[in-house]
Structure formats: structure tokens, C-alpha cells
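Atoms within each ligand, like the ligands themselves, are counted from 1 in listed order. The residues of the chain are indexed from 1 along the displayed sequence.
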Amino acid sequence: MGLSRRSLLAAGLATLALPGCSAGVPEAAVDRKVEVFSWWAGPGEKEGLEALVGDFAAHNPGVAFDNAAVAGGAGTIARTVLATRLENGDPPDSYQAHAGLELTDDIQAGYVEDLRELYQEQGWLAKLPGGLVDAITVGTKIYCVPVNIHRSNLLWYNPKTLSGLGLTPPKSWAEFLEQGDVIAKRGLTPLSIGPAWTQKHLLENVLLGELGADGYTGLFSGRTDWTGVPVRQALDLCTEVLARSDLAAAAADWQPALDRVVAGTAAYNVMGDWADGYLRTNGLTFTQGYGCITAPGTERVYNFLSDSFTLPKGAPHPGAARKWLIECGSVAGQDAFNPQKGSVPARTDTDRSKYTGYLASAVAEWADGGTRVVGSLTHGVVAGSAWNAKIDTALAAFVQDKDAAKFAAAVAAGRA
Ligand code: GAL
């Protein structure tokens, strides 16, 4: 695939070196439980986790799974809880983290173990796409095990609503704005939206659609000037898009925002492909009950993120944690989890026949060498936590005051 290290990662993440090796991962087989921390507690997410846990239990009958999931889309609440636990020296046995720069702070704080030895033992390096390996490699070390690949840049709709309106999904944000007026006249909300992180998720995909893959990637590598005219115009467009949303009565999380599309009160929603897992869990089928296409202006671009799991230093049950990580990195684990979760496997050697409906095309596009891969801002790939937090603060103000120049200046200044 076309995921290039240069295009995704800021300086500091180097390519793999020869096995050097680390303290290693404890081999203890005596642990009888594993506490796993994630944010997969809400509808659509918990079913994915359950599928993975089911396969884990089948392979590890003597290990009880202690589910420490904290609800809330994109882990916004979970990450605060986790930070406190790590600071207090009370780590779970394994915790969810995104591949990419998000984990940098935890690595620097010394919270997580290097897993290179486990990678060598399991032969994982040969089974993951090179670009993904680059995104999780720091110097000579790897601190997490990816279980999936999600796609951020998708526009979801209800085919019945669109056919009632006589519309087909927009190919550009300009077309969306035109459609927005038609949709609003019919008494529907053009775009449903949820809490702050979903607004950021929308923003990244408007920027991607307007600036293109190179321009978008440059925002994080430093090649695109946040304070330049193209970014300002894209940000103003984002304000126009939000003006066609139900921001004033924003949904509490991503699932209820999608519910408005399902109910036919809103025409569109921009969300990652965990929406596919959620909508199927609700008994809907792809193309009849719901549809999706790439977010306007992002055709053939895969705005990716990857869920992965770690081994914290001081994990109470490191032997069981090791078994959990082996499950996450296994063909069986990934093929149990991803068809339910709405993601494609991180591994390249899984059973494609398990991926149907929306996921059949996702698997094909992800594997297609012609697909351009970029990394998600909201979901941890292209910016570290410190910069992301500053972007969040600036975005909360921007959504209210609509001052694109002020937002761009704050984001540029906030870069570490
Ligand atoms: C992302 C995560 C996905 C999904 C989504 C909504 O950050 O990577 O797996 O859980 O949040 O909660």
C-alpha cells in the first residue's frame, strides 16, 4: 500500500533497525486474569470487543477477561481516566492506543514496554504493511500491537432519504452546500454532528477534501502553511458546512448523530467506518438500510487510523497481557474482531471472504496500491497528544467565533 512514512510521521520516528532488544515481555503463564482498558463500551463498539474477547477466551480458557472499557466515542473520556491511572502507577494489563504519534507522550513518560521481542517471536513484521510498521516504530522499538485499520473519510446516508429528496451523495463540499439548501427547504438537517471530537473529525475531512492528500499531509509535516490562503478558505468552508448541521442541538455521541440519518431527519453524517459495525448491529444492511461513500473530495484517499494495544510497565498480569497481545496480533483474533467492528485487518494474510458488504470494498481499497493513504488527526496518527489538545481548544473557539485566521494561527503556534 502507499502509506509512506514521510507522509505520515513527523521527525523522530525512524525505520526499523536490526533486533536490538529490550527488557522483553514476561513469559509468565500463571496469570489468571487480564484487565484490558479501551473505549469500546458503546453500541457497535462493545460487540466488536466481545468478538475479540470470545476468540481470546477460546484460546486462553484459563484467563478471565476483566473489561475496563470506559464509554465515550474516540476515547475522549477514557483517555482522561487512563492518564490518571498511569500517573498514579495503577496501569491496566493492556490499553487501547492509536498507531502513530498519539502514543509518543506515553513512550516518553516510560509508561509502555517495547514489544520487539514479541514481534520477532510472532513473526508480525512480515505480516503487517510496511507503512503501518513505520507508523508504530519509534527508533528501534515498537510499543503497540495493531488490531485493525479504520477509515475516517466517509459520508453516511440513508438511501431512502436521498431518493425521497432526489439527490445522490455529493462529490465535493461545494456540491454539499448546494444540496444543503435543497435539504433544508424540505425540513431536514443536511448534516448531523455530535460532540467536539466529531467536529474535529469533520474538520480533518473537509481539510482533506479541499487541500488534497498532499496539502492535508503537509499540515502535519510542516509543508503546508496553516496560516496560508488555501487553509483559510478551507476553514471558512468548514464554517459553511457546520452552518448546515444541527450543531446547536449536537448529538451526545457519534451513534445518536448517525441515528438521525437512520431516522431520516438528517441527510448525511461524516464518520469513520466503525459506523458500519454500529449500523449492522442495529439490524440494517449495507446499500438498503444505509450507504456510504468517501467524504466529498476524498475519492481514492484512505484517511486511516489503527487501533492497537500496549503492555504498560508495571502491568499486574504481564503473562496474561502477553496472551492478549498475541490474540490482537493473530489472524484468528483479527478475523473475529474486524468483521464485527467495521474495520479491515491490520495483517495482510487474513481471510478476505469474511469481509462482506461495505467491508468488501474497504478491504479491496486498502490493499490497492493505487489508494493514497493519509493519517487521521482526530484519531492519533499525525499529531501527538500535546498538539492535539491545543487544536481541540482552538477548535472549540473556532466553532463558536468562526474566526478562521485566529484558529489557524493558534494551531500553527501550538505545534511542538
Ligand atoms: C476511534 C477508534 C475507533 C472507534 C471510534 C469511535 O478513535 O479508533 O475504533 O472506537 O474512535 O469511538
Side-chain angles (χ1 to χ4, degrees), residues 36-53 67-82 94-103 132 135-136 144-154 156 192-205 251-259 269-282 292 302-310 328 333-334 336-346 358-359 362 366 374-385 388-389 391-392:
V36 175
F37 188 99
S38 76
W39 57 86
W40 292 333
E45 317 237 68
K46 77 173 161 41
E47 289 81 0
L49 180 60
E50 278 162 12
L52 184 56
V53 173
N67 187 355
V70 173
T76 45
I77 302 166
R79 268 199 291 268
T80 310
V81 175
L82 178 68
S94 183
Y95 67 84
Q96 179 184 358
H98 289 122
L101 295 177
E102 181 182 287
L103 205 52
L132 179 60
I136 56 173
C144 63
V145 179
V147 67
N148 70 356
I149 300 290
H150 266 307
R151 188 176 199 172
S152 156
N153 58 314
L154 294 166
W156 300 85
S192 67
I193 197 82
W197 74 264
T198 68
Q199 297 157 28
K200 188 176 178 189
H201 186 111
L202 173 69
L203 173 89
E204 76 177 37
N205 287 305
D253 209 339
W254 63 272
Q255 295 100 330
L258 271 167
D259 290 345
N269 180 254
V270 172
M271 194 37 60
D273 49 11
W274 43 91
D276 176 65
Y278 173 62
L279 295 168
R280 277 188 285 107
T281 305
N282 280 359
C292 76
Y302 215 105
N303 188 2
F304 101 103
L305 57 124
S306 171
D307 293 305
S308 68
F309 282 87
T310 58
C328 292
Q334 296 196 6
F337 173 69
N338 290 301
Q340 180 64 46
K341 182 68 166 61
S343 39
V344 307
Y358 157 77
L359 283 175
W366 175 247
V374 302
S376 169
L377 168 68
T378 311
H379 306 279
V381 183
V382 288
S385 300
N388 248 318
I391 295 173
D392 291 345

**Q.** Non-hydrogen atoms of Ala346 and Ile149 that approach each other most closely
**A.**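 Between these two residues, the closest heavy atoms are CA-CG1, 4.1 Å.
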(Q) For Trp274 and Trp197, take the angle between the two ring planes, folded into 0 to 90°, and tell me which bin it lands in: parallel under 30, tilted 30 to 60, perpendicular over 60. (A)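 Judged by the thresholds at 30° and 60°, the geometry between Trp274 and Trp197 is tilted.
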Q) Would you call the rings of Phe337 and Trp40 parallel, tilted or perpendicular, where under 30° means parallel and over 60° means perpendicular? A)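 Taking Trp40 first and then Phe337, their aromatic rings sit tilted (interplane angle of 30° to 60°).
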(Q) Can you list everything that forms a salt bridge (charged side-chain N to carboxylate O under 4.0 Å, His left out) with Asp273? Sequence neighbours excluded, please. (A)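 By the salt bridge (charged side-chain N to carboxylate O under 4.0 Å, His left out) rule, Asp273 matches no residue at all.
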Q: Let me know which protein residues bring a heavy atom to under 4.0 Å of ligand 1; chain then number is fine for ordering.
A: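 If the criterion is a heavy atom under 4.0 Å, then ligand 1 touches Trp39, Trp40, Glu45, Gly73, Ala74, His98, His150, Trp254, Trp274, Leu305, Asp307, Lys341, His379.
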Q. Would you call Asp259 and Asn282 a side-chain contact if the rule is heavy atoms closer than 4.5 Å?
A.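 Asp259 vs Asn282: side chains touch.
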(Q) Strictly distance-based, threshold 3.5 Å: is any side-chain N or O of Glu204 a donor or acceptor partner for the main-chain N or O of Asn153? (A)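 Flag not set: sc Glu204 to bb Asn153 has no pair under 3.5 Å.
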